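Heavy atoms only: backbone and side chains are in, while hydrogens, waters and symmetry mates are out. As the structure is a computational prediction, the values presented were derived from the model and not from experiment.
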2 protein chains.
Amino acid sequence: MSLSVVPTPGSNAERSRAYNRSLVLGHVRGAGASGRAEIARASGLSTQAVSNIIGELVAEGWLFEAGKRSEGRGLPAVQYALAPAAGTAIGVEVRPDALLVALTDLDGSSLATERHSLTRADPDTVAALIAQARDRALAQSGVDPARLLGAGVVMPGPFGATGLTGAASDLPGWAQMDARALFAEALDLPVIIENDANAAAMAERISGVAQGLHTYAYLYFGTGLGLGVVTRGELMRGAHGNAGEIGHIPVAHATGPVPLEQIVSRFALRARTGADSVDALQALHANADPNLMGWLDDAAPALANAVQIVENLFDPETVIIGGAMPEALLDALVARVVLAPASVANRPDRVQPRLMRGTCGRMTATFGAAALVINQAFTPRMASPA
Amino acid sequence: MSLSVVPTPGSNAERSRAYNRSLVLGHVRGAGASGRAEIARASGLSTQAVSNIIGELVAEGWLFEAGKRSEGRGLPAVQYALAPAAGTAIGVEVRPDALLVALTDLDGSSLATERHSLTRADPDTVAALIAQARDRALAQSGVDPARLLGAGVVMPGPFGATGLTGAASDLPGWAQMDARALFAEALDLPVIIENDANAAAMAERISGVAQGLHTYAYLYFGTGLGLGVVTRGELMRGAHGNAGEIGHIPVAHATGPVPLEQIVSRFALRARTGADSVDALQALHANADPNLMGWLDDAAPALANAVQIVENLFDPETVIIGGAMPEALLDALVARVVLAPASVANRPDRVQPRLMRGTCGRMTATFGAAALVINQAFTPRMASPA
DNA sequence: AGGATTAACTCAACTCAGTTGAATTAACAA
DNA sequence: TTGTTAATTCAACTGAGTTGAGTTAATCCT
């Protein structure tokens, strides 16, 4: 049973309703509790249309009445707020050696998490493990399975054979696999596949520092260094889902140009300090380990270079860095970066800092995988019929 | 009279129809003459809905019956093709010293062009000149003013005060100006403002080598070097319309890292050869001028570096180069570039070359300005009511 | 106070546009 | 010739947003 996916489907009454429902939910999410008339003005819909949609969303448990607000004259507006428990999503991060699974609500709050070491990472084994983890997470948190909107799965890129293939991050046996279909079947849920940096970027939008932003970039410390870019609320994926491979672009270094992730990445850090885990790095940083401090001195200018490239190419509202790194170390890195003046981001009217640390912590990508699903509920789009 | 623009408007019957009309026109444009049933299948709409829309588009002159096609059994499908003259657009390129204006049809074919030297480039003077040029172009080509869909205007970026402000490309007196509103008023037409590289990218999509592509990048030789990126058919603009400032990112050079456009740009070329015009450059190239050939040797690796960055960050189907340069020189440059193997674009299953020359010629940006308008007619989007 | 004004909200009738299912037409195949 | 297939149209239907009148509950003004 393959669903025939229409690339850009036409609009009809039913699809219009779905679109407008997302619009209303997105407004309430973005602006907080709102009244019918306010949403009508913001969307260009009639009050009546918004009223009907809100009635439906309240009946289904997505929204609830949250008091009244009186602004000057006139009948006070009844406010409607988002019910975080109205929807949940599964986030999965597949690494060559481990599987991370999280269950979150609409706020991106964690309801359950789980970690598995993988000895075999073949498709069928992974799919089965995810299905079991889903069942445990639901049982443990007491979440109604009917409220589960879907699953997001983060996998190491790049996807398909490319000039970057052969890195240690690749998963064996997945090359020609339609992972989305595999997981959708195993879980009996809608599934979204993404790379780690894109998922992390979305996590910050749902529950981190990128809330309210529409155009921003995220530098992600995974195995290497990834870049997730959100433009007008949409992830930039590229023609084959491989956009954002920033780790492989050359940057200036004492010994001549080297690939960025040869300096700015966890494996560069491990080569320099011997430390592998986030905790070990945290300890080294707390003790001002000379090797670690040396790395910081090296990484800061390379990162500045990367930020300048990202700013000039994408013109984002801000650049966020995060991933599997101690927060204090990321803060130290941000503090040490001297941002290039020759950048379109160097504006007098800035409201965001040019570079900031993400706040979603170590499991950003896993929560981000769930955030991909959550985000869909708030993003109006003409979707094909099931 | 300011039209209240709703950022993401809700959907209703009227807006659905506009959306579906664009969808049908876009299909016919992309796939060539098509039958009702074929479009219905591609769009997920019912045959009846498509039939009604086609009836309307034929009545309005957008489509015309173009024979029948019989595929095996069944009633032969009546084919409908796009009438290029159904819509026209004005393209304008504002440079500090000159004004270029073009009138094109839906194919992007030129119906009239005009060039003005500018002694004064203040907003009111420019707006008045454009309005006059519009009238002359319409009169000269005999185009019905009612068929004019709008005007696209290309202006030197970056927009707003940035760390790149102060370059020679800036226009004085425009800093705080709402250029779109100014031109819309002066021309009494919908107006789109864009930077040169983005417009050029769109020109190639309407009438050049990017026809049928959805995700690609365009390196544009203007004053400096610009980058236009199209993702899923949409231009990437960034938070302030300044995305694509690739000229300012550092690349490796014999003397250490230098901004890309210090090597790959027309002013680098002028500094090296003394030649300023496209014709002069063409002559030098025809004579294998040593300075010019030296520039090629320098520019090729820098361009290779830029292409590698663009490929890894955007994962485009292809990278196109073009702009105000002799075609033979661009071809020579493309031939000389050794593309980096460490790129997500280095795939065995490629259908496009990784790097190709644009085919829209010297006035790419001016035609591209018109193409921005044309493109809207074929791109379904929920648009706010006038 | 008490009436005027303002704004949110609801009701009911209406309209637009896409859908559905039956009927028609024209090509190909046995 | 006759049956099958596929495009197209017709007419009735349905879903969803719009419109305009009416209701309710605040604030403003006298």
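No option in B:Arg15, B:Glu14, B:Arg21 other than B:Arg21 meets the side chain to side chain contact (heavy atoms under 4.5 Å, CB included) test with B:Arg17.
Put simply, CD on A:Glu14 is 18 Å from P on C:dA17, counting in whole angstrom units. Taking atom NZ of A:Lys68 as the reference point, atom C1' of D:dT27 lies 16 Å away to the nearest angstrom. One interatomic measurement links the two molecules: CD of A:Glu71 to C1' of C:dT6, which rounds to 13 Å at whole-angstrom precision. In this structure, CG of B:Asn52 is placed 14 Å from P of C:dT20, rounded to the nearest angstrom.
The neighbour count for A:Asp178 CG, taken as heavy atoms of other residues, nucleotides or ligands under 6.0 Å away, is above 12. More than 12 heavy atoms of other shown residues, nucleotides or ligands fall within 6.0 angstrom of atom CD in B:Glu56.
At a threshold of 4.0 angstrom between heavy atoms, the contacts of A:Ser46 include nucleobase atoms, whether or not backbone atoms are also involved.
With distances taken from any side-chain atom of B:Ala37 to the nucleotides C:dC9, D:dG17, D:dT8, the minimum falls on D:dT8. Comparing C:dC28, C:dT19, C:dA8 against the side chain of B:Leu45 picks out C:dT19 as the nearest. With C:dG18, C:dA8, D:dA7 as the choices, the nucleotide that has an atom nearest any side-chain atom of A:Arg41 turns out to be C:dA8.
In terms of position along DNA chain D, the nucleotide closest to B:Ala77 lies nearer the 5' end than the nucleotide closest to the other residue of the pair B:Ala77 and B:Ala13. Along DNA chain C, the nucleotide closest to B:Ser70 and the one closest to A:Tyr80 are compared, and the more 5′ of them pairs with A:Tyr80. Of the two residues contacting DNA chain D, namely A:Ser16 and A:Leu75, the nearest-nucleotide position lying further toward the 5' end is that of A:Ser16.
Here the side chains of A:Leu63 and A:Leu82 are in contact, with some heavy-atom distance below 4.5 Å.
Applying a 4.0 Å cut-off to non-hydrogen atoms, the residues of residues 18-31 of chain B that approach DNA chain C are B:Asn20, listed by residue number.
Taking side-chain N and O atoms only, A:Arg17 has no distance below 4.0 Å to OP1 or OP2 of D:dG15. A:Thr47 has no side-chain polar atom (N or O) that falls below the 4.0 Å cut-off from OP1 or OP2 of C:dC9. Taking 4.0 angstrom as the limit, B:Arg73 places none of its side-chain polar atoms (N or O) nearer than this to OP1 or OP2 of C:dA26. For the pair B:Asn12 and D:dT18, the criterion of a side-chain N or O lying under 4.0 Å from OP1 or OP2 is met. Phosphate proximity of D:dT9 to B:Arg36: present, with a side-chain N or O under 4.0 Å from OP1 or OP2.
Atom CZ in A:Arg36 sits 3.0 Å away from atom OH in A:Tyr80 (nearest 0.5 Å). Summarising the geometry, atom CG belonging to A:Asn12 is positioned 10.0 Å from atom OG belonging to B:Ser43; distances are rounded to the nearest 0.5 Å.
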_Worked check of side chain to side chain donor-acceptor pair (under 3.5 Å) between A:Asn52 and A:Gln48_ = CA-CA 6 Å; A:Asn52 294 338; A:Gln48 189 57 55; 3.2 Å; yes
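With hydrogens and angles left out, the side chain of A:Gln48 and the base of C:dC9 share no donor-acceptor pair within 3.5 Å.
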